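A short write-up of the structure that comes next.
A quick note: this is a predicted structure, and the numbers were derived from the prediction, not measured. A, B, ... follow the sequence lines: proteins, then strands. Residue 1 opens every chain.
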Amino acid sequence: MKLSKRIFAGLATASLAVTVTACGGSDSSGNFDDTVTVGILHSLSGTMAISESTLVDTEKMAIEEINAAGGVTVDGKSYKIEYIVEDGASDWPTFAEKSKKLIDQDGVPVVFGGWTSASRKAMLPVYESKDAFLYYPIQYEAQECSNNIFYTGATPNQQSEPATDFMYKRSPAAGGDFFLVGSDYVFPRTSNTITKAQVKQLGGKVVGEDYLPLGNTEVAPIISKIKVALPDGGIIVNTLNGDQNVAFFKQIQDAGITPSNGYYVMNYSIAEEEISTIGPEFLEGHYGAWNYMMSIDTPASKQFAKNFKKRWGSDRVVADPQESAYNMVYLWKQAVEDAGTFDDNAVREALVGQTFDAPQGPVEVMANHHLSQTVRIGEINAEGGFTILEETGVVEPQAWNQKHPSSKGYACDWTDPKKGEKYRM
Amino acid sequence: MQLFLESLFNGVAIGSVLLVAALGLAIVFGLMGVINLAHGELMMLGAYSTYITQLIFKQVSFLKPFYDSYVIVAIGIAFLVSGTVGVLLERTVIRRLYGSPLETLLATWGVSLILQQFVRSVPLAYASGLVVALFLGLFSPLFISDYLLSGAKGKLIRACTWGFSALVGVATGGILSSLVSKLSRASARNVDVTAPSWMRGGIDFVGITFPKTRLLIILITVISVLVVIFFLDKTAWGMRIRAVTQNRPMSDCLGISTETVDIITFGIGSGLAGVAGVAVSLLGSVGPNVGGNYIVGCFMVVVLGGVGNLLGTILASFSIGIMTDLIGAGRLLTIWPDMPSPIASTIDFFATTSMARVMIFALIVIFLQFRPTGMFPQKGRMVES
């Protein structure tokens, strides 16, 4: 008993010492008047951990960069940003629970978090009821516009629409029929509804679609459907999730569904990170559409990739979701400085109209709480990156998609109290 | 004709993945009555063994010329790895829970979670070292004469073999982690098994493409089934296993060591899960959750076929496979294009992978209402039932 007490006391002293030195260390790195603590909420365990942990790394890097440059200046006082990382554990109710904890218990002014649409939908009521702030960095299906969420990823008109246009008009399979494949959840289904409407407008034909239940990797029936529907090649639009892509690409290659046979796959969920997992030999010659690609040849983009590798290891890559996560931390910092306070409502007002020279090029926060950004179409190359084929100008985000039958003619504007979440244009 | 052949091939291809995955379970659950929820994780270990074998063949210079044949070596290694872990599982957990299915179910589910987290948080090099140590520790006493293992010196010798095994295990872990840097760090990231080039692509025959990996999986399945049937029907140990299955106390009285039979049965069942892991790794990616995707299907096949009947398991997996292709790919519409529109639209509604799964499960549930014991129920008096 005595011994264990002594050990415990020893441990406590040791940990105290560590804490003290840690604090001492950070104080000496710069002179701050105060600190502000923000929340980071992503899955660090479970199936989504692989993807979401890269966002945590990027957000930490952005915060460290800001701190190294003097922190956030509010009202003439400089604040050092500190963060609390919470684990959403790939479990959607946990995201809501941890959000409550961050807002109520830790009192953070802002939470950076989420990946899947399911996690966002679970968190949304928490932020709306507490009038708190969530920054969400992933390209998603849109059809949502909350006053309490800022979306820094692409909406369908900033990813899938230009991509469909490219595939139908300018790809090697131009004019061909479409086959849509996706995982069975909200993003692929919404995205494909939009694609179907768009293909119809363009005068093309969607000859089939199929959804694979999450976790299932038996793609043989889908492959036989593709071969029946597209006997001589065509365009396949793929919104499968994570691992299911591995099974899909391995097996379509074996079945002869390859670019050399006239089949071209356009992917909305495959970035540099996923290419290295699936293997470039299975993906070469297929396409992807993103706002940011690691191969963008600008100093800002190269610097971003270089800093990330320097901070987290030379074998790491950066991809679109990480770039969005990086941008949102900086946008929040700028908005806080403009507002002159950490108060939610003032920051929200200051945020609209903020511009930032992101690694992808200039982005701007629009009145519907989404970003206007550039869209790029790339062909996957043997080195595991994208060869950029096309680049649009800056595209404005549509929170309510103009091709989706349920939201045509609607828009969102939070700067005008009469308009709000969903109004008829 | 072409359509028929293609559909049949697809059905057999899907069915053989199910069959090879369920074969081990058919033995463990069917013959021993153990509900092993960790069966999927034993498959996962087999899949990881394939990955490790592949990396070793890529890195070690004297194995490089044989890289193309690594898959065949991996089958053997996967069998041993999963078999070893299975034997350990039987000796430590399941042995104490015979006759209490609910507790077995919960305990093996716990084990499955432990195994999943294990591959996430332990570097694969050291995990392999641990398995090697376990393998040597568990099986080396078999090669030492009984005289040496008896009495007080026996304990010492046993302790020595474990010590030696531990040393070999640590050495294996160290060597692997220095040889193959990818194995030296723990990672929750899914890994990828790339089939050697001779196994990629397909063979064109009568206008249909037969993917080579699918053909190989069918081959692995056929061989595994034949070996299992031969083992159970023609060998002495197979006969003992069947005897214990039919009447445990009587077999015990007749001098069959039921304890050894349990170990062998469970070991073989687990080893077959490892072989299934190799097959699965060729189709998709390898990750901690890979087994969980198959476990429900495995139990479905065994229950549908009739617990304790290998022929039933075989028929059940192929019928599920063919049904999946018929419903999921909307084959009936292609065969009979001008069927009445209400039927056509119903079939079209179910012609997606998600809905086909729903439909098949519904059909199985209905079937089991009428034949609760499956296609081929166990006949005769079972003492334990």
#### Entry: Check: B:S354 side chain, A:Y211 main-chain N or O, donor-acceptor pair, under 3.5 Å
yes
### Query
Among B:Q116, B:R357, B:R214, which has the most heavy-atom pairs under 4.5 Å with chain A?
B:R214
### Message
What part of B:S281 gets within 4.5 angstrom of chain A, counting heavy atoms only: side chain, backbone, both, or neither?
### Response
backbone
### Task
Heavy-atom distances under 4.5 Å only: say whether B:I327 touches chain A with side chain, backbone, both or neither.
neither
### Query
Around B:W109, counting heavy atoms of other residues, nucleotides and ligands shown, do more than 12 lie under 6.0 Å from its CH2?
no
### Message
Taking side chain as everything from C-beta outward and backbone as N, CA, C, O, which of these in B:R200 sits under 4.5 Å from a heavy atom of chain A? Side chain, backbone, both or neither.
### Response
both
### Task
Look at B:G202, B:S285, B:G328 and state which one has the largest set of heavy-atom pairs under 4.5 Å with chain A.
B:S285
I'd like a table of donor-acceptor pairs (distance under 3.5 Å, sequence neighbours excluded) in which one partner is a side-chain atom from residues 225-235 of chain A, with atom names and distances.
unit_1: A:K225; atom_1: NZ; unit_2: A:D210; atom_2: OD2; d: 3.3
unit_1: A:K225; atom_1: NZ; unit_2: B:A351; atom_2: O; d: 2.2
unit_1: A:K227; atom_1: NZ; unit_2: A:A255; atom_2: O; d: 2.8
unit_1: A:K227; atom_1: NZ; unit_2: B:T209; atom_2: OG1; d: 3.3

### Query
Got a sec, which residues hit side chain to side chain donor-acceptor pair (under 3.5 Å) with A:K309, two or more places apart in sequence or on another chain?
none
### Query
For B:Y294, is it the side chain, the backbone, both, or neither that has a heavy atom closer than 4.5 Å to a heavy atom of chain A?
side chain
### Task
Taking all non-hydrogen atoms of both residues into account, name the closest pair between A:G279 and B:D192 and its distance.
N-OD2, 4.5 Å
### Message
Going by the rule salt bridge (charged side-chain N to carboxylate O under 4.0 Å, His left out), which residues pair with B:D325 if we only count those two or more places apart in sequence or in a different chain?
### Response
B:R331
### Query
Within a strict 4.5 Å, meaning less than it, do heavy atoms of the B:N10 and A:P221 side chains meet?
no
### Task
Apply the test side-chain contact (heavy atoms from CB on, under 4.5 Å) to residues B:T194 and A:E281: give CA-CA distance (whole Å), side-chain angles for both, the deciding distance (0.1 Å), then the verdict.
CA-CA 10 Å; B:T194 316; A:E281 67 270 29; 3.4 Å; yes
### Task
Quick one: which of B:G284, B:G292, B:G297, B:A13 has the most heavy-atom pairs under 4.5 Å with chain A, could you say?
B:G284
### Task
Please report the C-alpha distance between A:E218 and B:I14 in whole Å, then the side-chain angles of each, then the deciding distance to 0.1 Å, and finally whether the side-chain contact (heavy atoms from CB on, under 4.5 Å) criterion is met.
CA-CA 8 Å; A:E218 187 50 87; B:I14 299 170; 3.7 Å; yes
### Proximity of residues 244-251 of chain A to chain B, residues having a non-hydrogen atom under 4.5 angstrom
A:V246, A:A247, A:K250, A:Q251
### B:P211 versus A:D254, closest heavy-atom pair with distance
CB-CB, 3.6 Å
